[in-house]
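Here's the structure we're looking at; comments come further down.
Owing to the predicted nature of the structure, the values given are computational and were not obtained by experimental measurement. Convention: sequence-line order gives letters A, B, ...; per-chain numbering from 1.
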Protein chains: 2
Amino acid sequence: MREFMTLTKALSDPNRVRMLLALRPGELCVCQITELFGLATSTVSKHLSILNQAGLIRSRKTERWVYYRLADKPAPVAVREALDWVRKSLAKTDEAAADAKRLKRIMKMDLAEVCRRRCRC
Amino acid sequence: MREFMTLTKALSDPNRVRMLLALRPGELCVCQITELFGLATSTVSKHLSILNQAGLIRSRKTERWVYYRLADKPAPVAVREALDWVRKSLAKTDEAAADAKRLKRIMKMDLAEVCRRRCRC
DNA sequence: TTCTCATTTCGTTGTTTGGCGAAATGAGAA
DNA sequence: TTCTCATTTCGCCAAACAACGAAATGAGAA
């Protein structure tokens with residue numbers, strides 16, 4: 001029950017759900033997600049931490065960046081069902097399409113460039 | 001997206017999830033649910049209204065009482081998947097078993113009796 | 001080793017949410 | 001019709017939460 005509530009609470013914020021959808025094509029680093037949603041880095045980090053704690057995503061650190069991806073096959077059944085539910089319910093929505101479109105543009109940029117841009121001095 | 005978030009928010013409170021599980025065997029009236037969870041009537045009513053608005057449950061009024069039941073077959077796919085997810089993830093948990101046990105006892109009581117008992121004067 | 005910098009953690013603020021009791025509602029009983 | 005009473009709505013309080021900027025972290029670069 002406790003684990004299940006961690007899952008449902010993780011899914012109860014629209015920005016977190018959008019992050020799950022954005023991660024469908026493949027892993028992204030924090031600064032790319034920050035750029036995609038126009039939120040503060042600390043806010044994005046918090047959201048990712050909540051999704052991670054729920055087991056919905058996993059992280060990997062390489063060089064200077066932390067990459068997040070959707071949970072892999074060995075994830076618990078409840079987690080996989082949650083991800084399927086999100087995908088089936090929202091993959092074809094306008095919001096997901098708009099995010100995907102903007103993400104495409106961000107993916108074409110240099111990663112270091114994206115990270116530097118996040119700094120709004 | 002908006003509808004989906006209504007669903008996930010509805011599922012993000014443990015008492016609401018317990019209510020969904022309690023409704024699995026069949027419909028219950030508000031005072032039975034109130035007795036089952038030991039919450040104020042107004043609180044239970046609010047929770048049921050949120051579940052109803054999300055399409056997860058439906059209501060029916062007969063004589064003096066309002067009965068709530070899980071959403072029927074013609075419910076949207078996302079709703080049916082949500083209910084399946086809850087059932088598969090939690091039906092066999094200790095919490096669900098404990099609630100079911102207490103519910104059994106309440107079901108043996110006279111309905112009017114249960115409603116009157118709720119009044120803690 | 002020290003420096004750099006992407007990310008996380010901390011502390012604060014405004015909003016949302018769950019809980020309650022009291023008052024309002026409204027459909028059946030009388 | 002008026003009365004009864006199960007349920008809903010309202011108003012309030014305390015706890016939880018999302019968002020931000022600033023400070024801390026810690027791994028790679030120099």
Side-chain angles (χ1 to χ4, degrees), chain A residues 2 5-6 8-19 27-54 57-69 106 109-121, chain B residues 2 5-6 8-19 27-54 57-69 106 109-121:
Chain A
R2 193 166 178 74
M5 293 315 302
T6 310
T8 58
K9 283 198 188 286
L11 294 179
S12 72
D13 178 86
N15 284 330
R16 286 197 288 269
V17 173
R18 285 172 70 200
M19 287 178 193
E27 63 183 12
L28 296 172
C29 91
V30 180
C31 59
Q32 290 173 313
I33 301 175
T34 302
E35 179 72 17
L36 178 58
F37 293 108
L39 295 168
T41 312
S42 59
T43 304
V44 170
S45 179
K46 185 84 193 306
H47 281 315
L48 291 170
S49 148
I50 289 169
L51 290 170
N52 187 56
Q53 193 136 15
I57 62 176
R58 290 298 159 211
S59 70
R60 158 179 97 82
K61 187 158 193 172
T62 305
E63 296 172 38
R64 280 185 270 199
W65 299 286
V66 177
Y67 287 90
Y68 284 92
R69 64 179 184 282
I106 292 170
M109 300 168 62
D110 179 54
L111 188 50
E113 176 76 24
V114 174
C115 287
R116 239 171 292 122
R117 171 204 280 252
R118 152 213 64 98
C119 197
R120 323 193 186 289
C121 332
Chain B
R2 191 166 180 72
M5 293 316 301
T6 310
T8 58
K9 282 197 187 287
L11 294 179
S12 72
D13 177 86
N15 284 330
R16 287 197 287 270
V17 173
R18 286 171 70 201
M19 287 178 193
E27 63 183 12
L28 295 173
C29 90
V30 179
C31 59
Q32 291 173 313
I33 301 174
T34 302
E35 180 72 18
L36 177 58
F37 293 106
L39 295 169
T41 313
S42 59
T43 304
V44 170
S45 178
K46 185 84 193 304
H47 280 316
L48 291 170
S49 147
I50 289 170
L51 290 170
N52 187 56
Q53 195 137 12
I57 61 176
R58 289 300 159 209
S59 69
R60 157 179 96 82
K61 187 158 194 171
T62 305
E63 297 172 37
R64 279 184 270 200
W65 299 286
V66 177
Y67 286 91
Y68 283 91
R69 64 179 184 283
I106 292 171
M109 298 169 63
D110 178 52
L111 187 50
E113 176 75 22
V114 174
C115 287
R116 239 172 291 122
R117 172 203 279 254
R118 150 212 65 98
C119 196
R120 323 193 185 287
C121 330

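One interatomic measurement links the two molecules: CZ of B:R116 to C1' of D:dT7, which rounds to 17 Å at whole-angstrom precision. Regarding B:R60, its CZ atom lies at a distance of 17 Å from the P atom of D:dA6, rounded to whole Å. Between the NZ atom of B:K9 and the P atom of C:dT15 there is a distance of 15 Å, rounded to whole Å. For the pair A:L39 CG and C:dT7 P, the interatomic distance rounds to 15 Å; values are reported in whole Å. In this structure, the CG atom of B:N52 is 14 Å from the P atom of D:dT7, given to the nearest Å. Between the CZ atom of A:R18 and the C1' atom of D:dA18 there is a distance of 14 Å, rounded to whole Å. The separation between B:D13 atom CG and D:dA16 atom C1' is 12 Å, rounded to whole Å. Distance, B:L51 CG to D:dT7 P: 16 Å, rounded to whole Å.
Of the side-chain N and O atoms in B:H47, none sit less than 4.0 angstrom from OP1 or OP2 of C:dT17. The side chain of A:T43 contributes no N or O atom lying less than 4.0 Å from OP1 or OP2 of D:dA19. Put simply, B:S42 has no side-chain N or O that comes within less than 4.0 Å of OP1 or OP2 on C:dC20. B:R16 has a side-chain polar atom (N or O) that falls below the 4.0 Å cut-off from OP1 or OP2 of C:dG18.
Across all strands, B:Y68 comes closer than 4.0 Å only to sugar-phosphate atoms, never to a base (heavy-atom distances). Within the 4.0 angstrom heavy-atom criterion, no nucleotide atom of any strand lies near B:Y67.
Interatomic distance, NZ of A:K46 versus CG of A:L39, reported as 13.0 Å (0.5 Å rounding). Separation of atoms NZ (B:K61) and SG (B:C29) is listed at 11.5 Å; rounding is to 0.5 Å.
Side-chain contact check for B:R58 versus B:N52: some heavy-atom pair is nearer than 4.5 Å. Between A:W65 and A:Q32, the closest side-chain pair of non-hydrogen atoms is not below 4.5 Å. Within the 4.5 Å cutoff, side-chain heavy atoms of A:L111 are placed close to those of A:C31. For the pair A:R18/A:N15, a side-chain contact is recorded, criterion being any heavy-atom separation below 4.5 Å from C-beta on.
Looking only at distances, a side-chain donor or acceptor of A:K9 sits under 3.5 Å from a matching main-chain atom of B:S12. A donor-acceptor pair under 3.5 Å links the side-chain atoms of B:T34 to the main chain of B:V30, judged by distance alone.
Listed nucleotides C:dG21, C:dT7, D:dC5 differ in distance to B:A40; the shortest reach to its side chain belongs to C:dG21. The B:T41 side chain lies nearest to D:dT7 when the options are D:dT7, C:dA6, C:dG18. With distances taken from any side-chain atom of B:S45 to the nucleotides D:dA27, D:dT9, C:dG18, the minimum falls on D:dT9. Among the nucleotides D:dA6, D:dT8, C:dT8, the one closest to the side chain of A:V30 is C:dT8. Closest approach to the B:R64 side chain among C:dT7, C:dG18, D:dC5 is made by D:dC5 (side chain taken as heavy atoms from C-beta onward). Of the candidates D:dA19, D:dT7, C:dT7, C:dT7 carries the atom nearest the A:C29 side chain, counting heavy atoms from C-beta on.
Each of B:V66 and A:K46 has a nearest nucleotide on DNA chain D; the 5'-most of these lies closest to B:V66.
An angle of 30°, rounded to 10°, separates the two end axes of the helix from C:dT1-D:dA30 to C:dA30-D:dT1, each defined over five pairs.
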